[in-house]
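See below for the structure under consideration.
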Amino acid sequence: MTQPLVALADANSFFASCERVFDPLLADKPVVVLSNNDGCVVARSAEAKRLGIREGAPWFTIREKALRQGVTARSSNYELYASLSARMMSVMNRFMPGQEIYSIDECFLSPTTDVQETIDTATTMRNAVLTGVGIPVSVGIAPTKTLAKVANHWAKNHPSSGGVSLWSDIEAKYGDTALAQIPVGDIWGVGRRLTKKLQAMGIVTALDLQHQNPALMRHRFSVTLERTILELNGVPCIKGDASANDGKRKTEILCSRMFSTPITDQFEMEQALSVYAQKACRRLRRQSSLCSHVSVFCATSPFGPENSYDSFHATTTLRDPSDDPLVITKAACNAIRGNLDPHARYVRAGVLLLDLQDTKNFSPLPGFEATRDIHNLGEVIDKANSRFGTSHVGIGYGGIRGRGRNNEDSGASWMMRREMLSNRCTTRWDEMAVAHAD
DNA sequence: TCTGGGGTCCTAGGACCC
DNA sequence: TCTGGGGTCCTAGGACCC
């Protein structure tokens, strides 16, 4: 009997690879991409990894040395990454059915049970993405998602694989030593805390974990770990919702940011929150949902002196489910009024929309539609901003264009710092790549 | 000076019901 | 002395993912 297969296609150092697409001089050079506010390293090219730069390293602690070593650092350019991701996904979708987009840079696919055909298709697909989009991807093929992750990792670390690895080949060739080489913490679903507990029990490698009794481990830890163990043994038990990609609605929407400089007064905090509330609200409308609860939080730095950490959190229930930016922004701002510590230096805040429901499933009784966006204000704002560029129209002062890059942000002191931003070549006319011929 | 953002799933425990 | 038990729903928080 042939077992169904699952393929995991995952871009190599995705953000760093995106930076190279329109800047060929970066090929073969160490490249790192930084988080918002140019805070810490979120992506590293293979060359940067080889220099020992760790994921999550605060940029200011490694900056000097990295620059000396010839590392190029870029601010994260999510607009560019999202656009290249969409291209990459659509190319791959042509080669194999059942695409389930798992994150910005990876997707699961359902190949045929014919092993050789699957390997050939995966190889063709990989080349098509490389030549068509310019992004290198690796493909792992296995009977379960967890093993496909392992095989994908293998493909990345073994150049001789040509970027495509089949789990049964690895197993046939290396036997138990393949899993014995992998630290248990590298397995999908095993995070930092779990790793510590497992290590204390002498479960150190993926092979150790594979040999555990699933039922016992479920009792001791959780059903999630039981599934991971079964999957390592070739029993598929992590469900996918492949066909649901398009219709998949978020169950909560969060917009939060660190500030580049701390906020200490309520007026400024309200401006920040109104920007985040409007961004969240826009995403809410884009998926045709209404929310019933608006949650707001702000916090001081967790890296400050001992016991100085302070945070505030409040949730407001709307009278009726709403997608009206006025209603939601007001709810967010009201939540903090009179509740901030006047001496605190807040470095982070966010707006969380909860209890979402499909707009068309909500029909208020006649006369009770007051909190719906009856003027279509949200739609008007969305249209204006997508026609003229973001931050041209909004509620409050915080989100309106001003002194920032391309006049797109307000220039408020707390606004995000992105000093090494590349061009958004695929989404802005005025930032398109230019080719020179000599 | 300077440490990201956005999500999902699972569990434990309390409230409530009959 | 002895003070039900089982089910469901909700929420907060932990853990994980990229």
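Every chain is numbered from 1, with letters handed out A, B, ... down the list of sequences. Only heavy atoms go into these numbers, but all of them, side chains included; no hydrogens, no water, no symmetry mates.
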What integer number of Å spans the C1' atoms of B/dC17 and C/dG4? 14 Å
NA contact type, A/I104, heavy-atom cut-off 4.0 Å: base, sugar-phosphate, or nothing? nothing
Interface residues of residues 190-215 of chain A with DNA chain B (non-hydrogen, below 4.0 angstrom): none
Select base, sugar-phosphate, or nothing to describe what A/E252 touches, counting heavy atoms under 4.0 Å on all strands. base
A/S295 and A/H313: side chain donor to acceptor below 3.5 Å: yes
Within the 3.5 Å criterion, strictly below it, is a donor on A/N77 or A/S422 matched to an acceptor on the partner's side chain? yes
Heavy atoms within less than 4.0 Å of DNA chain B: which residues of residues 44-68 of chain A have one? Give them sorted by number. A/P58, A/F60
Outermost nucleotides of DNA chain C that come under 4.0 Å of a non-hydrogen atom of chain A: C/dA15 to C/dC18
Do A/T317 and A/H293 have a side chain donor and acceptor closer than 3.5 Å? yes
Please work out if A/D105 contacts a base, only the sugar-phosphate, or nothing of the nucleic acid, heavy-atom cut-off 4.0 Å. sugar-phosphate
Set of residues satisfying side-chain contact (heavy atoms from CB on, under 4.5 Å) with respect to A/V235, sequence neighbours excluded: A/L230
If I compare all heavy atoms of A/V351 with all of A/A332, which pair ends up nearest, and what's the gap? CG2-CB, 4.3 Å
Calculate, to the nearest 0.5 Å, the distance between atoms CD and OG1 belonging to A/Q210 and A/T146 respectively. 11.5 Å
Which sits closer to the 5' end of DNA chain B, A/P262 or A/T251, going by the nucleotide each is nearest to? A/P262
Both A/T224 and A/R283 contact DNA chain B. Which one's nearest nucleotide lies toward the 5' end? A/R283
For DNA chain C, report each stem as range with range, ordered by first number, or say none. Use Watson-Crick or G-U wobble pairs under 3.5 Å, at least 3 in a row. B:5-18 with C:5-18
Contact list for residues 180-203 of chain A, test ring-ring contact (aromatic ring centres under 6.0 Å, His included), sequence neighbours left out: A/Y102-A/W188, A/F108-A/W188
Measure up the A/Y78 and A/Y81 rings against each other and bin them: parallel (under 30°), tilted (30 to 60°), perpendicular (over 60°). perpendicular
Nearest 0.5 angstrom please: A/E79 CD to A/R424 CZ, how far? 5.0 Å
Using only heavy-atom distances, determine whether the side chains of A/D38 and A/S75 contain a donor-acceptor pair under 3.5 Å. yes
Would you say the side chains of A/N12 and A/S138 form a donor-acceptor pair under 3.5 Å? yes
Do the side chains of A/D23 and A/K29 get close enough for a salt bridge, i.e. N-O under 4.0 angstrom? no
Under 3.5 Å, is there a donor on one side chain and an acceptor on the other for A/D105 and A/S103? yes
What's A/L352 touching, base or sugar-phosphate or nothing? Going by heavy atoms closer than 4.0 Å. nothing
